[in-house]
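Quick notes on the structure that follows.
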Amino acid sequence: MPFQADLTIYDWIFFCNKNGVKYFFDQVQTLPKSIKIAAINKGSAQVLKALGHTVDFIGEGGSLEEIAKQFDQEKGEKALIVRAKISIKHSKECSN
């Protein structure tokens with residue numbers, strides 16, 4: 001799925017799954033230095049780290065509601081949520 005966005009307007013990029021990470025970085029070569037990276041779980045974080053990225057937040061738990069409570073985003077910060085068009089576990093949850 002083609003991706004186009006002005007990444008400089010975001011404070012965070014939140015990845016919902018491994019496929020989303022892979023497809024995003026197939027299209028985006030560099031990120032703004034100020035942007036922070038969040039992963040929904042350890043699997044997504046491992047893929048991000050393997051690609052050479054620092055992961056500032058890794059969620060733990062079974063539901064997005066639990067992970068959202070853990071995600072301590074400052075007021076006024078903007079987060080871009082990236083997920084694959086088709087994902088196995090979180091496809092409905094991440095799109096809500």
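On a predicted model such as this, the values are computed, not experimentally measured, just so you know.
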Ring centres of Phe71 and Trp12 under 6.0 Å apart? yes
Asn41 side chain to Gly59 backbone, donor-acceptor under 3.5 Å: no
Would Val82 and Cys16 count as a side-chain contact (heavy atoms from CB on, under 4.5 Å) if you check the C-alpha gap in whole Å, the side-chain angles of each, and the deciding distance to 0.1 Å? CA-CA 6 Å; Val82 177; Cys16 288; over 6 Å; no
Taking the side chain as every heavy atom from C-beta outward, state whether Leu48 and Ile37 have any pair of such atoms under 4.5 Å apart. yes
Could you pull out all residues at least two apart from Lys69 that satisfy side-chain contact (heavy atoms from CB on, under 4.5 Å)? Glu65
Run the side-chain contact (heavy atoms from CB on, under 4.5 Å) check on Val47 and Lys22 step by step: do they pass? CA-CA 8 Å; Val47 174; Lys22 292 174 187 174; 4.2 Å; yes
Here the side chain to side chain donor-acceptor pair (under 3.5 Å) pairs for residues 45-59, sequence neighbours left out, are none
By side-chain contact (heavy atoms from CB on, under 4.5 Å), Thr8 pairs with (sequence neighbours left out) Asp6, Pro32
Begin from the C-alpha positions of Leu31 and Phe24 and carry the test side-chain contact (heavy atoms from CB on, under 4.5 Å) through to its verdict. CA-CA 11 Å; Leu31 296 175; Phe24 179 85; 3.9 Å; yes
Considering all heavy atoms, the nearest Ser44-Lys18 contact: OG-N, 3.5 Å
Where do Leu7 and Val28 land on the side-chain contact (heavy atoms from CB on, under 4.5 Å) test, with the steps shown first? CA-CA 10 Å; Leu7 297 176; Val28 175; 3.9 Å; yes
Flag the pair Ile58 / Lys42 as yes when at least one side-chain heavy-atom distance between them is below 4.5 Å, and no otherwise. yes
Between the side chains of Glu77 and Lys36, is the shortest nitrogen-to-carboxylate-oxygen separation below 4.0 Å, so that they form an ion pair? yes
Are Ile40 and Phe14 packed together at the side-chain level, in the sense that at least one heavy-atom pair is separated by less than 4.5 angstrom? yes
Establish, yes or no, whether a centroid distance under 6.0 Å links the rings of Phe25 and Phe15. yes
